[in-house]
Amino acid sequence: IPAGTYHVQPLRIPSNTSLLLDAGATVQATSNGYSNGGQVMLDFTGASAVTMTGTPGQSGFRMNKSQYTDGSEYRHCMNIVNARNVTLVGIFCDDSGGDGAYVNGSTNVIMKASTFNNNSRNGLSVISVNGLLVDGCTFSNTVGNPDGGSAPDGPWDGIDIEPNGTSNGLQNVVVQNSTFTGNGLPLPSGNGLCSHCGNAITVAPQRLGSSSPAVGITLNNLTSNGNLGSAYFLTAGVSVAGAMSGTVALQNSTSTNDGQWGIVCYFCLYSSENGLKENIQNNTITNPMQGYNTLQPLNDAALAMAGGGGEVLPAGNVTMSGTSIHYNTGNTAPAYFNISPTNPAGMAAIVVGSFGSTTGLASGKPFGLLQGNPVTSANIP
C-alpha cells in the first residue's frame, strides 16, 4: 500500500496474506460507516499465516472514534480470533470504538514496534492465546467516549488479559520492552466509572479453573507513566471450577506518576491444590497514588496486596522482591508497602522483602504494613 489515505468498510483478512504499508500509508475507516456496534475494521477470524508490516508511527489503521456513541464496546480495530501465525510489525491501530486489538482462541501472535492510541475499551484485550509476543509497543490514551458513548464502563486499560471461561488459556504470553501512558484519561463525563479503570496492564485470569491450561505470563522491562489507575494490577481469584495453576512474572519494570498503586495483587488467593503464583521482582515505583480517580483509594502504599472479604481461601502465592520505591510526596503515604488483604482465612505463601532503594517516606512512618502492623518485610509460610 503506497503512501496515501484509503477509506474502507470492514475488511476480512484471508490466510496467507502479506501486507506491506509504506511510510505515510493510512487505511481509514469510512466516515459514518460501521453503524453496527459489532463491526470490526480488520477481521482475522480463522486466518493463518498473516503478516502486516509498516514503518513505526507512519503506517497503519485508523477508525473514527468520535462517531461511535451508541454504547458499544466491540468496534475493534483488529479482531484476531481463532487465528494462527499472525505477525504485526511497525503499524498503528488507533481511534477504535472498542479495542485496538482483540485476541481470542489464537496461536502464535506477534506484535512488534506498533502503537495503539486513543482506543475506547482497551489498547489490547487478550481472552485466550497460546503464544503471544508483544515487544516494543506503545499503548496510550485508551478511554471511552463521553456521555455513555463507546465502551462507557471501561476498563480503559493499555492491556487487559482476562479470559471468559475455563475453556480459555493464557499460555506463553510475553509482554516486554513496551510503554503505557495516559490510559483512562481524560475521564469521560457521564460514563459509569469503575474503581479500577485505566491500568497500564490488568491480569485477571480468575475465570479459568483447574481444567484450564497452566497460565504462563511474563511481563518484562515495561514502562508505565501517568495512567488513571495502577501500573500493574494483578489478580488471581479462584472460580467455582477450582484453582488454576501456573505463574505470572512481573520484572524489571517501572511505574511513575500513576493514579493508584504502582503494583498491586488484588484478590490473589492461595490454594493448596494448584494455585497461580505471582512472582514480582526488581521493579521500580516512583510517586504513585496521584489520585486521578476519586473512586480509587488514595491513602495507600506503592506496593500492595488488597481485596478479600468474601473469599473462602487465604490470600497468598505472592512473592515481591527487589522493589525500589521513591516518593516525591511521601508525607501522605502510610508506608512503602501494605500487605492487608481481608480474607477471613488469613494469608499463606507470601514473601515481601529484599527491597532496592527507597526514598521519600515521611519521618516516623513505618517502612511497611502487615495487616496494619509496622514491619520491614513479610514472610508468611
Side-chain angles (χ1 to χ4, degrees), residues 5-13 19 21 25-45 50 52 54 56-57 59-81 83 86 88 90-104 106 109 111 114-127 134 137-162 178 180-186 188 191 197-202 227-228:
T5 300
Y6 305 87
H7 297 269
V8 300
Q9 291 284 357
L11 298 175
R12 183 68 176 265
I13 308 302
L19 186 65
L21 288 79
T26 297
V27 179
Q28 171 75 55
T30 53
S31 181
N32 299 314
Y34 300 78
S35 58
N36 184 317
Q39 285 182 301
V40 300
M41 186 175 185
L42 304 172
D43 189 0
F44 294 74
T45 298
V50 174
M52 291 186 177
S59 311
F61 305 89
R62 180 171 288 117
M63 298 184 74
N64 295 301
K65 176 178 171 178
S66 63
Q67 297 179 2
Y68 311 136
T69 58
D70 60 358
S72 173
E73 58 184 43
Y74 302 113
R75 288 183 181 89
H76 308 318
C77 185
M78 291 188 171
N79 192 55
I80 305 173
V81 175
V86 174
L88 311 172
I91 58 93
F92 59 78
C93 220
D94 299 345
D95 302 339
S96 73
D99 300 329
Y102 174 91
V103 178
N104 190 3
S106 296
V109 177
M111 302 178 180
S114 295
T115 59
F116 302 84
N117 181 63
N118 195 37
N119 293 292
S120 292
R121 187 172 72 166
N122 295 304
L124 168 63
S125 288
V126 182
I127 310 302
V134 178
C137 294
T138 297
F139 301 86
S140 56
N141 306 312
T142 308
V143 73
N145 276 327
D147 301 316
S150 55
D153 300 317
W156 312 327
D157 292 337
I159 298 178
D160 182 19
I161 302 175
E162 187 174 356
S178 295
F180 304 81
T181 183
N183 295 292
L185 294 171
N191 288 26
C197 283
N199 301 319
I201 295 183
T202 295
N227 298 287
L228 172 74

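All values reported here derive from a predicted model rather than from experimental measurement.
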Using modelled atom types and a 3.5 Å cut-off, is there a donor and acceptor pairing between side-chain atoms of Ser120 and backbone atoms of Gly144? no
Could you check whether any side-chain N or O of Ser96 sits under 3.5 Å from a backbone N or O of Gly98, counting only pairs where one atom can act as donor and the other as acceptor? yes
Partner residues of Cys77 under the disulfide (SG to SG under 2.5 Å) criterion, sequence neighbours left out: Cys93
Distance (rounded to the nearest 0.5 Å) between Met41 CE and Asn79 CG: 13.5 Å
Of Arg75, Arg62, Lys65, which meets salt bridge (charged side-chain N to carboxylate O under 4.0 Å, His left out) against Asp95? Arg62
Pairing residues for Asp147 by the salt bridge (Lys or Arg N to Asp or Glu O under 4.0 Å) criterion, not counting sequence neighbours: none
Are the side chains of Ile127 and Tyr102 in contact, using a 4.5 Å heavy-atom criterion? yes
Can you tell me if Asn191 uses its side chain to pair, donor with acceptor, with the backbone of Gly148 under 3.5 Å? yes
Taking the side chain as C-beta and beyond, is there a heavy-atom pair between Tyr34 and Met63 under 4.5 Å? yes
Quickly, which of Phe92, Phe116, Trp156 forms a ring pair (Phe, Tyr, Trp, His ring centres under 6.0 Å) with Phe139? Name it, please. Phe116
Going by side chain to side chain donor-acceptor pair (under 3.5 Å), Asn141 matches just one of Asn183, Asn117, Asn118. Which one? Asn117
Whether over 12 other heavy atoms sit under 6.0 Å from Tyr74 OH: no
